[in-house]
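No experiment lies behind these values; they were computed from the predicted model shown. Order of the sequence lines sets the chain letters (A, B, ...), proteins ahead of strands, with each chain counted from 1.
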Protein chains: 2
Amino acid sequence: MEHLKILMVTRNTLQESLVFEAVNELRNHATADEIYELIVKKYPGISKGTVYRNLNKLDRQNRIHKLEMPDGADRFDHCCHEHYHIKCGKCGRVFDVDMDAIEDLRQRIKATHGFEFTGYDIIFKGFCPECNK
Amino acid sequence: MEHLKILMVTRNTLQESLVFEAVNELRNHATADEIYELIVKKYPGISKGTVYRNLNKLDRQNRIHKLEMPDGADRFDHCCHEHYHIKCGKCGRVFDVDMDAIEDLRQRIKATHGFEFTGYDIIFKGFCPECNK
DNA sequence: AAAAAAATAATAACTTTTCCTATTTTTTAC
DNA sequence: GTAAAAAATAGGAAAAGTTATTATTTTTTT
């Protein structure tokens, strides 16, 4: 009998590398479409389905972070320290919000609801200084 | 010269009332489609565009609350006390999370980012007790 | 009563994402 | 090393959710 494979086996394809590099090159909370547009310049054969598949795979592997936006296309971010986001209601740009983690969130929910959560995103809405002029 | 009208003038139509009542009747974080389906039983002539238009109008008037979900259709809630939401990753249902407001959020952001926000939604992800069995 | 404004029904269009299918590439089994 | 199996791909269709368009109806203003 063979030993069990616990790890999900995924292949490292050229397309996956291109997607990973594009996210890390843009560093701009890019949408899947923006990432696709960057890659297609160098590698015209790539398809959007492949970009989406690899973005989601990389997110599952915690190699990039998928930020699900409530009012439009999801954004993809390189992995770094924990932070939150604020989206400008006028120009639509997404900015990082460096802030200490809200430490007791998990305990609050558990105490008041008996419900454990696996994750959360907080996206603030406002107007960036430029649009607020 | 006439006096200025500051308030936005909107008409109170039958359709608007039906939408408002449906949201308050369902009380279930209903989607626009679910609200449409409820109304169309009693008033078959209504169109989806009208439902969407009135839902957004009622949200702007703060008569209902539009909860923008990151991974699917927006939900519409009757207005009540401030609370947060948790969405089950399996059955997709949305539950209320009663919890003291995170009071110092606005100050945190201002202090670390110099950025005032106009709003935010926190949506937790997890598995509801039923799906967690 | 006539003109202007707002809301509507119906449908087209749009955006974002997933799904499907045939093909190609990579891995596994022998 | 070769054949069979599995995974990933390109391209395009399809799905989901929402907004925009247009002609018509309803309401308001004058």
Side-chain angles (χ1 to χ4, degrees), chain A residues 1-5 7-20 22 29-37 39-61 63-64 66-76 87 89 92 94 123, chain B residues 1-5 7-20 22 29-37 39-61 63-64 66-76 87 89 92 94 123:
Chain A
M1 186 185 176
E2 300 163 41
H3 68 276
L4 294 166
K5 271 191 195 168
L7 281 169
M8 191 174 326
V9 177
T10 57
R11 292 176 186 167
N12 302 93
T13 63
L14 169 63
Q15 290 86 345
E16 187 211 81
S17 299
L18 291 169
V19 170
F20 183 65
H29 312 101
T31 62
D33 196 62
E34 290 165 347
I35 291 157
Y36 168 79
E37 288 300 335
I39 297 171
V40 88
K41 284 182 203 161
K42 298 172 193 166
Y43 188 87
I46 202 160
S47 74
K48 266 192 188 170
T50 298
V51 172
Y52 274 101
R53 189 170 1 84
N54 280 296
L55 284 170
N56 284 315
K57 187 173 97 178
L58 290 165
D59 174 62
R60 281 195 303 277
Q61 295 172 347
R63 299 211 282 146
I64 66 174
K66 176 179 180 172
L67 178 63
E68 295 183 300
M69 301 299 289
D71 60 345
D74 296 339
R75 309 297 187 119
F76 296 89
K87 181 176 184 181
V94 176
I123 298 161
Chain B
M1 186 184 174
E2 303 163 38
H3 67 277
L4 292 167
K5 273 191 196 168
L7 281 170
M8 191 174 326
V9 178
T10 57
R11 292 176 187 170
N12 301 94
T13 63
L14 168 63
Q15 290 86 346
E16 188 211 80
S17 299
L18 291 169
V19 170
F20 184 65
H29 311 101
T31 61
D33 197 61
E34 289 163 349
I35 290 156
Y36 168 79
E37 288 300 336
I39 297 171
V40 89
K41 283 182 203 162
K42 299 171 193 168
Y43 187 87
I46 202 160
S47 76
K48 264 191 190 171
T50 298
V51 172
Y52 273 102
R53 189 167 6 80
N54 280 297
L55 285 170
N56 285 315
K57 187 174 98 179
L58 291 165
D59 175 62
R60 281 196 302 276
Q61 295 173 346
R63 298 211 284 145
I64 66 173
K66 175 178 179 174
L67 178 63
E68 295 184 299
M69 302 298 291
D71 60 345
D74 296 339
R75 309 298 186 119
F76 296 88
K87 181 175 185 182
V94 176
I123 297 160

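Taking five base pairs at each end of the helix from C/dA1-D/dT30 to C/dC30-D/dG1 and finding the rotation axis that steps the C1' atoms of four pairs onto the next four gives two axes whose angle is 30°, to the nearest 10°.
Computed from coordinates, the A/Glu16 CD to C/dT26 P distance equals 13 Å when rounded to whole Å. Summarising the geometry, the separation between CG on A/Asp59 and P on C/dT18 is reported as 11 Å, rounded to the nearest angstrom. In this structure, A/Ile35 atom CD1 and C/dT17 atom C1' are separated by 14 Å, rounded to whole Å. Here the P atom of nucleotide C/dA7 and the CG atom of B/Asn54 are 9 Å apart, to the nearest Å. Rounded to an integer number of Å, the gap from B/Leu58 CG to C/dA7 P is 12 Å. Between B/Glu34 atom CD and D/dA16 atom C1' the separation is 14 Å, expressed in whole Å. Distance A/Met69 CE to C/dT17 C1': 16 Å, rounded to the nearest Å. When rounded to the nearest whole Å, the span between CD of A/Glu68 and C1' of C/dT16 equals 13 Å.
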Checklist entry - How would nucleotides 17-23 of chain D be written as a contact map, 5' to 3', with B for base contact, S for sugar-phosphate-only contact and - for no contact, using protein heavy atoms under 4.0 Å? => result SBB----
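Between A/Arg75 and A/Thr31, the shortest heavy-atom distance links the atoms CD-CG2, 3.8 Å. The shortest non-hydrogen separation linking A/Asn12 to A/Glu16 is ND2-OE1, 3.6 Å.
Rounding to the nearest 0.5 Å places CD of A/Glu34 at 11.5 Å from NE2 of A/His29. For the atom pair B/Lys48 NZ and B/Ile35 CD1, the distance stands at 11.5 Å (nearest 0.5 Å). Distance check, rounded to the nearest 0.5 Å: CD1 of A/Ile64 to CG of A/Asn56 gives 8.0 Å. Rounding to the nearest 0.5 Å places CZ of B/Arg63 at 7.5 Å from NZ of B/Lys57. Here the CD1 atom belonging to B/Ile46 is positioned 4.5 Å from the CD1 atom belonging to B/Ile39, to the nearest 0.5 angstrom. To the nearest 0.5 Å, atoms CZ (A/Phe20) and CD (A/Gln15) are separated by 16.0 Å.
Not one side-chain nitrogen or oxygen of A/Thr13 sits closer than 4.0 Å to the OP1 or OP2 atom of D/dA7. OP1 or OP2 of D/dA10 lies within a sub-4.0 Å distance of a side-chain N or O belonging to A/Thr50. Within the 4.0 Å cut-off from OP1 or OP2 of C/dA9, at least one side-chain nitrogen or oxygen of B/Gln15 is found.
In the set D/dT28, D/dA10, D/dA6, the nucleotide with an atom closest to the side chain of A/Arg11 is D/dA6.
Checking A/Lys57 against A/Gly45, the closest nucleotide of DNA chain D that is more toward the 5' end is the one next to A/Lys57.
Annotation: side chain of B/Leu58 is not in contact with side chain of B/Phe76 (no heavy-atom distance under 4.5 Å).
Contacts of B/Tyr36 with the nucleic acid, taken as non-hydrogen atoms under 4.0 Å apart, are absent.
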